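Sharing a structure with you now.
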Amino acid sequence: MTRHLRAPRARRPGLHALAAAALLAACSPDSILDVTDPDIINPEDISSLAGAEALRIGALRQFNEATSGDESMFLYGGLLADEWRSGDTFNQRDETDKRSVQRSNANIDDAWRDIHHARVASQLAIRGYERFAPPQTYKIGEMYMLQAYTEILLAEHFCSGVPLSTIQDGDVVFAPGSPTQGVFGRA
């Protein structure tokens, strides 16, 4: 059995450098860094009746997330009112059940943020329908109901001083904290 051995190839460092330079020349740094982010919704994307409908469905989804599932307003309200008993190992739920919630309780922060997302999303949907739909549409009423219900939940679940900030022309308009009766009155 004869074995043929190949002679080692001569290294061509100039060829590798030329190939790398050709690749860099074919690629424009301006175009490769210009990426469209597909998860950002621009104002012109929702400036239609279809956009108002998408905002409404998004508000309902936000409300569903805020009131059902793991860390929801209904879970924490039930723990606080002894409708539920915490028997797990998560301190955040035990704190609520014992009525000794710490400021660092991230689960309460999530519930707080989710209910505000639903409230503001309903406001945006109302504006969309008022602009692009006939005024008698029931969907505007549905969004007013959703907004009011989120505000009632905020008044029932949190102490006095709930801020009811809004969004105007894409900018957050911060509101001072409202007393509990003021939140109920607004709802």
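Quick caveat: nothing in here was measured; it's all calculated off a predicted structure. Throughout, numbering of the chain's residues begins at 1 and tracks the sequence. Computed from heavy atoms alone, side chains included, the values below leave out hydrogens, waters and symmetry copies.
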Original post:
With side chains defined as the heavy atoms from C-beta onward, is the minimum distance between D114 and F63 less than 4.5 Å?
Top reply: no
Original post:
Where is the tightest heavy-atom contact between A52 and A125, given as atom of each residue plus distance?
Top reply: O-CB, 4.4 Å
Original post:
Just how far is it from atom CD of Q147 to atom CG of L124, taken to the nearest 0.5 Å?
Top reply: 10.0 Å
Subject >> Polar side chain donor-acceptor pair, R119 to H116, under 3.5 angstrom >> reply: yes
**OP:** Output yes when a side-chain donor or acceptor of S72 lies under 3.5 Å from a complementary backbone atom of A66, and no otherwise.
**Re:** no
**OP:** To the nearest 0.5 angstrom, please state how far the OG1 atom of T150 sits from the CG atom of L164.
**Re:** 8.5 Å
Original post:
Mind checking whether F74 and L153 have side chains closer than 4.5 Å, heavy atoms only?
Top reply: yes
Subject >> Chi angles and distances behind the side chain to side chain contact (heavy atoms under 4.5 Å, CB included) call for F174, T166 >> reply: CA-CA 7 Å; F174 294 100; T166 60; over 6 Å; no
**OP:** Give, for atom CZ of F132 and atom CZ of R127, the distance between the pair rounded to the nearest 0.5 Å.
**Re:** 13.0 Å
Original post:
Given side chains that start at C-beta, do those of L60 and M143 come closer than 4.5 Å, heavy atoms only?
Top reply: yes
**OP:** Determine, using the 4.5 Å side-chain heavy-atom cutoff (strictly less than), whether I57 and I126 are members of one ILVMFWY cluster.
**Re:** no
**OP:** Supply the atom-to-atom distance Y149 OH to T67 OG1, rounded to the nearest 0.5 angstrom.
**Re:** 7.5 Å
**OP:** Look up atom CD1 in I115 and atom CD in E65, then write down how far apart they are to the nearest 0.5 Å.
**Re:** 10.5 Å
Original post:
side chain to side chain contact (heavy atoms under 4.5 Å, CB included) between W112 and L154: does it pass, once the steps are laid out?
Top reply: CA-CA 8 Å; W112 168 265; L154 286 166; 3.9 Å; yes
Subject >> Close side-chain approach of E130 to I140, heavy-atom, < 4.5 Å >> reply: yes
Original post:
Is it true that K139 and E142 make a salt bridge, defined as a side-chain N closer than 4.0 Å to a carboxylate O?
Top reply: no
Original post:
Is it true that F184 and Y144 fall in one hydrophobic cluster, defined by side-chain heavy atoms closer than 4.5 Å?
Top reply: no
**OP:** Measure across A59 and A118 and return the closest heavy-atom pair with its distance rounded to 0.1 Å.
**Re:** O-CB, 4.2 Å
**OP:** Using a 4.5 Å cut-off on heavy atoms from C-beta on, say whether the side chain of R113 contacts that of H117.
**Re:** yes
Original post:
Closest heavy-atom contact between A133 and L49?
Top reply: CB-CD1, 3.7 Å
Original post:
Nearest 0.5 Å, what's the OH-CE distance between Y138 and M145?
Top reply: 12.0 Å
Original post:
Do you know which two heavy atoms are closest between A148 and A187, and how far apart they sit?
Top reply: CB-O, 3.3 Å
Original post:
If every non-hydrogen atom of A155 is compared with every non-hydrogen atom of V183, which pair is closest and at what distance?
Top reply: CB-CG1, 3.7 Å
